[in-house]
Protein chains: 2
Amino acid sequence: MSRVQAAIDHAENSCKSRGVKLTNKRRQVLSGLLQSNKAKSAYELADYCKDKFGQKLPAMSVYRILEFLEEERLVHKLNLANKYIACSHITCDHDHGISQFLICANCQTVKEITVKKSTMNTLKRSVEGAGFDLVSPQMELNCLCHDCKNQAA
Amino acid sequence: MSRVQAAIDHAENSCKSRGVKLTNKRRQVLSGLLQSNKAKSAYELADYCKDKFGQKLPAMSVYRILEFLEEERLVHKLNLANKYIACSHITCDHDHGISQFLICANCQTVKEITVKKSTMNTLKRSVEGAGFDLVSPQMELNCLCHDCKNQAA
DNA sequence: GTTGCTGATGATACACCATATCATTTTTTC
DNA sequence: GAAAAAATGATATGGTGTATCATCAGCAAC
Ligand SMILES: [Zn+2]
Ligand SMILES: [Zn+2]
Ligand SMILES: [Zn+2]
Ligand SMILES: [Zn+2]
């Protein structure tokens with residue numbers, strides 16, 4: 001079974017156990033995100049579904065579906081790029097903490113990581129020293145992936 | 001002399017020494033950013049100039065002016081919110097390093113800080129461990145300022 | 001002072017992202 | 001199968017950002 005199919009099956013079960021439905025359209029959008037490691041916009045996903053499944057999917061529906069998938073913790077929204085990406089822990093059963101996202105500025109590949117708690121604590125103290133409180137430490141960092149870095153060299 | 005006026009005078013001199021001109025429109029946009037500690041969108045700045053100076057300023061011009069001000073290191077663009085803020089080091093003569101921005105999710109107040117080099121290095125190592133290179137470590141962090149935090153309590 | 005150059009600004013059109021609203025379809029529930 | 005609920009569709013609209021071409025202001029040369 002393909003990696004994508006396995007992830008979808010897992011998501012299907014997860015939804016069932018939470019009492020919500022992973023409908024056909026929702027599966028299509030999710031598969032659009034799963035079959036690539038790059039972030040995709042809502043409109044790109046609409047195009048993907050039209051091309052791949054021959055079903056016209058209005059933007060409005062895509063946004064609603066993405067909202068649903070986000071609530072079910074199957075995808076993440078990247079606010080920096082206004083794009084979405086499948087959660088890389090989609091086949092884990094445990095709920096993961098806050099993630100940081102490394103976005104390649106050249107090829108848009110995204111990697112979801114969790115930095116060490118101690119690092120986050122240090123950062124948090126820096127922020128508190130400035131009179132602020134970190135509420136949602138989902139960081140999105142402008143990076144270069146090693147492929148692109150080597151290519152440039 | 002007001003804090004805003006002092007900053008504008010300083011910017012004026014800085015531009016002169018760099019061989020570029022801080023024109024009237026550019027001064028108006030800059031003053032719009034200086035007179036508040038909240039980030040403003042290009043369109044908000046256009047409105048501000050129209051209200052305050054009675055001059056219609058097309059969006060296109062605002063974007064060009066903001067681009068200019070960014071190049072002259074007088075303002076920063078916050079990519080997370082698609083807004084702009086005056087550099088808080090505008091009256092310093094030294095060139096500052098990379099800043100991090102703390103954005104209050106409630107009142108949009110922005111604070112520009114520089115986290116300790118050691119913290120950034122730790123973060124950088126985390127990123128490199130994931131096969132990426134940090135290229136532009138300007139972080140924009142979702143926070144609550146203490147005013148808003150106390151208010152909520 | 002007028003010609004011509006350059007930098008700055010204006011006007012218009014357009015693409016993309018996102019949401020509001022109301023209509024329709026599909027699924028559940030009884 | 002009718003009523004209720006959930007999901008999806010259709011249409012319009014607003015915000016953000018850019019492309020393109022036109023105009024204007026300042027300044028140097030002649
Ligand atoms: Zn995740
Ligand atoms: Zn890359
Ligand atoms: Zn600054
Ligand atoms: Zn606040």
Side-chain angles (χ1 to χ4, degrees), chain A residues 11-12 15-16 18-33 38-50 52-72 74-85 103 105 108 140, chain B residues 11-12 15-33 38-50 52-72 74-85 103 108 140:
Chain A
E12 185 100 49
C15 283
K16 200 169 289 177
R18 288 165 60 95
V20 295
K21 272 170 301 183
L22 191 65
T23 64
N24 201 35
K25 304 272 183 192
R26 287 169 178 170
R27 249 196 311 272
Q28 289 176 9
V29 170
L30 181 57
S31 79
L33 287 172
K38 299 190 199 307
K40 287 192 159 59
S41 75
Y43 283 81
E44 284 167 349
L45 287 164
D47 288 347
Y48 173 84
C49 288
K50 183 146 138 280
K52 181 95 173 186
F53 306 106
Q55 306 209 12
K56 204 175 96 185
L57 193 52
M60 187 69 251
S61 294
V62 179
Y63 280 107
R64 275 189 295 233
I65 287 171
L66 287 168
E67 193 181 346
F68 168 87
L69 294 173
E70 230 188 326
E71 269 164 19
E72 301 307 315
L74 298 170
V75 313
H76 294 287
K77 175 173 188 182
L78 298 179
N79 295 303
L80 208 52
N82 290 319
K83 298 197 174 180
Y84 299 81
I85 190 156
I103 308 174
Q108 281 71 56
E140 300 168 29
Chain B
E12 184 100 49
C15 284
K16 200 170 290 177
S17 76
R18 288 165 60 94
V20 295
K21 271 174 295 186
L22 190 64
T23 65
N24 201 36
K25 305 272 183 191
R26 287 169 177 171
R27 249 195 312 273
Q28 289 176 9
V29 170
L30 181 56
S31 79
L33 287 172
K38 299 190 199 308
K40 288 192 159 61
S41 74
Y43 283 80
E44 283 167 350
L45 286 164
D47 288 346
Y48 173 85
C49 287
K50 183 145 137 282
K52 180 94 172 187
F53 306 106
Q55 306 208 10
K56 204 176 97 186
L57 193 53
M60 187 68 251
S61 294
V62 180
Y63 280 107
R64 275 189 294 234
I65 287 170
L66 287 168
E67 193 182 346
F68 168 87
L69 294 173
E70 232 190 323
E71 269 165 18
E72 300 307 314
L74 298 169
V75 313
H76 294 287
K77 174 171 190 182
L78 298 179
N79 295 302
L80 208 50
N82 289 319
K83 297 197 173 180
Y84 299 81
I85 189 153
I103 309 174
Q108 281 71 55
E140 301 168 28

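Convention: sequence-line order gives letters A, B, ...; per-chain numbering from 1.
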By salt bridge (charged side-chain N to carboxylate O under 4.0 Å, His left out), Lys77(B) pairs with (sequence neighbours left out) none
In whole angstroms, the gap separating P of dG26(D) from CZ of Arg26(B) amounts to 14 Å
For Ile103(A), which residues count as a side chain to side chain contact (heavy atoms under 4.5 Å, CB included) partner, sequence neighbours excluded?
Leu78(A), Val110(A), Glu140(A)
Using the side chain to side chain contact (heavy atoms under 4.5 Å, CB included) rule, take His76(B) and Glu70(B) through it: C-alpha gap first, then chi angles, then the decisive distance, then the call.
CA-CA 6 Å; His76(B) 294 287; Glu70(B) 232 190 323; 5.9 Å; no
Sequence neighbours excluded - side-chain hydrogen bond (donor to acceptor under 3.5 Å, both in side chains) pairs with any residue from residues 59-69 of chain B
none
Does anyone know the first and last nucleotide of DNA chain C in reach of chain A, 5' to 3', at under 4.0 angstrom to a heavy atom?
dC17(C) to dT28(C)
Side-chain H-bond candidate by donor/acceptor type, Gln108(B) with Lys83(B), under 3.5 Å
no
Report yes if some heavy atom in the side chain of Asn24(B) is under 4.5 Å from a heavy atom in the side chain of Gln55(B); otherwise report no.
yes
Residues passing the side-chain hydrogen bond (donor to acceptor under 3.5 Å, both in side chains) test with Lys21(A), sequence neighbours excluded, are none
When rounded to the nearest 0.5 Å, the distance separating CG of Leu45(A) from CG of Leu57(A) is 9.0 Å
Expected rows: protein N/O vs nucleotides 9-19 of chain D N/O, under 3.5 Å:
from	atom 1	to	atom 2	distance (Å)
dG9(D)	OP1	Lys25(A)	NZ	3.1
dG9(D)	OP2	Ser61(A)	OG	3.0
dG9(D)	N7	Arg64(A)	NH2	2.7
dG9(D)	O6	Arg64(A)	NH1	3.2
dG17(D)	OP1	Asn82(B)	OD1	2.7
dG17(D)	OP2	Tyr63(B)	OH	2.7
dG17(D)	O5'	Tyr63(B)	OH	3.4
dG17(D)	N7	Tyr43(B)	OH	3.1

